[in-house]
Amino acid sequence: MKNYDKLLNDLAPQKFGKAGVIWTSSLIVIIIIGLIAYIDQIRKGLVVTNLNDYALWGIYISNFVFFVATSFVASVTVAVLRLTNNSWRTPIVRIAEIIAVACIIMAGLTIMIDMGRPDRLLNLFIYGRMQSPIIWDVIIIPTFMIISLLLLYFPLLPDLAILKTHFKEKNPTLSKWYGRLSLNWTGNPKQTKIQLKSIKIVALLILITGIILQTIDAWLFSTLFRVGWDSTNMGAYFVSGAAVAGLGALVTVVYVLRRAYKLENYITNIHFDKLGKFLALACLVYLYFNINEYLIPEFTSKKEEISHLNLLIDGQFAPLFWLVIIGGLIIPTIILLFKKGRTPFSIFVVGLLVVIGSWWKRYLIVTPTLLHPFLPIQGVPKSWQHYFPSWHEWIITIATLAMALLIITILVRFLPIIPIEKTANEQELLNKNTNS
Amino acid sequence: MKNQLSIIRTSFLVLLSVFMVTMSFAQKVKKNKVRLSVSYTKIMDGELYFDIKATSKIKNKNTFIPNLDLTIYNVLNDEEIKIGKITTNMDGKGRLVLPKLDSIHADSTNTYTILVKFKGNASFKKAKKSINFKNANIKASIIKKDSINFIQATLIETSLNMPLSEATLNVQVQRLFKSLKIGKDFYTTDENGTILVSIPTDIPGIDGILTFEVVLADSDNYGTVKAMVTAPLGTQIVQDNDFYKREMWSPRDKTPLFLLIFPNLLTFAVWGIIIYLILNLIKLSKLNN
């Protein structure tokens, strides 16, 4: 039997401190305010939003695309690092799995918020056509949600069994729950064999479904004959963008948890350095697809494409566009290319820039195209030529972001952030190697 | 004192009269003038109708007047015989349809007079408009000469049973939105009141059937007279109808097969693995010894 005492002392879930209580309460208050705004939206209809016949997708869909993109974190970190046998992944994979679960749940909820009549959701299944990417999206989101949960759950089993014993005397109720969730895990060879095999399968599955999810999300746009969306680049563009958003969210959360739970011995500067390089690579790939997305239409100079690009480059959306491209992509890449830029704090700042940039990037993908219809704007209210979210939209969107953070907070409160059993095994192996 | 009261009463009455007169004058000033226009159309072997249009110049802009009640009379020797009533639609237009020309009467010169009257209302002054026309017929038929098909049409004034020469007729074929003219813009009738127009062989029609129209348009004396001939002289339209095919834009029961097979195959494969993984969880819970 291994000695988990030190590890459990450091890694076992802990009660919230003062800061944790304030943080959680603040999130709950924001969610309640958002819920009130949403009930008002249900009562009065989408008229409380600034959505109109042109900007029929606004901040809700931008937010949905952001959540879907961020949920890709599990595919890039857990699956890619596992399949490429990167052993440094151990202390960060669970955080990535937790973020993925929170984001995909919120993606599912956000798409329902965008519906004027959520009670008609069932109609999507009754009357949906397999030709429509919307139906593919309806299928893939719950599928990805289940796979994300399985990816979180399988590696957790040994830790849940350890926590059952750990909390037996301290907190019997919690211990009982850990016991139930651990599925009578004893760590015998038969169980270990099945568990390891399942983890391998689910890792491969989340990589495939992750790419499918991002591609379907891209096809929701690119299958529409609209300027700015009608692009064969869109699938790869979305996958690479999702890697950036996911890794950006991961480094930010990892930094915060490392500080909050004093995990400096487990999540070291080396981890940040590696994550920084990984994020830099993702940013460079995404930058490449951005160049493809904007430079080719600029060259071919189709009339509609040019007026759309003008809107982004030096028009109404130019400040936001350049802020996203320079602040959210180019500057982070430059910082990350230097070793000094990959220290924990600078990576945290870069992560924040990337996440904020990623959120607004989705807004820039959704909104300007909608405000630029092929048919000339004639005989319609002038206000339809512009879109800026209403207070209802802002409050509800902020509440969904708060809800994602609350899910992460709750999971972090009750689950070990760093895999205890795996860390113990690695330490044992390290000690053996050192002794020999 | 009595005098003072009388002066006050008189002044009040004068002021009241002035006010009333001004009021009624002001109301009169507000009324707009209605312009009526009437046109007469006769379809050979069919109905005849009068198209009436009501406009008014409001704020220097010609505006169509909707919901105007108009009465139509057949005037015969100064006698006005009511033949119908219409109300203009949102475009300021209305149509009175008569089944036969026999339902109205011509005067001794074989001229028909139709009078349209508007009684006036709170917004518009009363108005009237009359038109005169004589009866004319077009006899149209398809003839074949040297294996070329022609439309032959003769314009006749019915009262005198005389052909009308030097009249201009349009020859056209009916299309979905607007008739398509055949050959020249118009044809002039010869001394026999006849025209002869060759029919092109490449006009498409449903099942090859075409409806030709010979029209005397907006004649000062005879109004509009239209004769129609239907003949299978067009080229067959081969309908490229993909309604029953499986296409990307078809309803759900006509989904293309590849879109039924691959996404479903992928979905079932992924869910099959998910079920396998869930079964593994159940298996794990039973392997605790």
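Keep in mind the model is a prediction, meaning the values are calculated, not measured. Here is how names work: the chains are called A, B, and so on, in the same order as the sequence lines, proteins then strands, and each is numbered from 1.
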Next on the checklist: Both conditions, 6.0 Å and 45 degrees, for the charged tip of K128(B) above the ring of F118(B): are they met here?
Outcome noted: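 No, K128(B) does not sit over the ring of F118(B).
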Would you mind checking which part of [X] comes under 4.5 Å of any heavy atom in chain B, side chain (CB onward), backbone (N, CA, C, O), both or neither?
| X | answer |
| --- | --- |
| I212(A) | side chain |
| F154(A) | side chain |
| L157(A) | side chain |
| S132(A) | neither |

Next on the checklist: Over 60° means perpendicular and under 30° means parallel, so tell me whether Y40(B) and F133(B) are parallel, tilted or perpendicular.
Outcome noted: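 Parallel: the ring planes of Y40(B) and F133(B) meet at under 30°.
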Next on the checklist: So, applying ring-ring contact (aromatic ring centres under 6.0 Å, His included) with F221(A), which one of Y237(A), W57(A), F64(A) is it?
Outcome noted: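 The passing option is W57(A).
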Checklist entry - What residue, out of I147(A), T143(A), I139(A), has the most heavy-atom pairs lying under 4.5 Å from chain B? => result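 Looking at each option in turn, the highest pair count goes to T143(A).
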Item to check | Option that, when pairs with chain B are counted at under 4.5 Å, heavy atom only, ranks first among I140(A), L183(A), L150(A), I135(A) | outcome: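 Top option by heavy-atom pairs under 4.5 Å: L183(A).
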Part of [X] within contact of chain A (heavy atom distance under 4.5 Å):
| X | result |
| --- | --- |
| T255(B) | both |
| N264(B) | both |
| K283(B) | side chain |

Locate the shortest heavy-atom distance separating [X] from [Y]; write the atom from each residue and the value.
| X | Y | result |
| --- | --- | --- |
| D119(A) | R117(A) | OD2-NH2, 2.9 Å |
| A79(A) | I206(A) | CB-CG2, 3.9 Å |
| S148(A) | I104(A) | OG-CG2, 4.2 Å |

Item to check | chain A interface, residue from L259(B), L284(B), V270(B) that has the most non-hydrogen pairs under 4.5 Å | outcome: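 Result: the option with the highest number of such pairs is L284(B).
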Item to check | Most chain A-contacting option - heavy-atom pairs closer than 4.5 Å, from L260(B), I273(B), I282(B), L281(B) | outcome: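 The answer is L281(B).
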Checklist entry - Do I418(A) and R94(A) come close enough that some side-chain heavy atom pair is under 4.5 Å? => result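 Not touching, per the 4.5 Å side-chain cut-off.
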Checklist entry - So, Y178(A) versus W185(A), ring centres under 6.0 angstrom or not? => result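 Not under 6.0 Å, so no.
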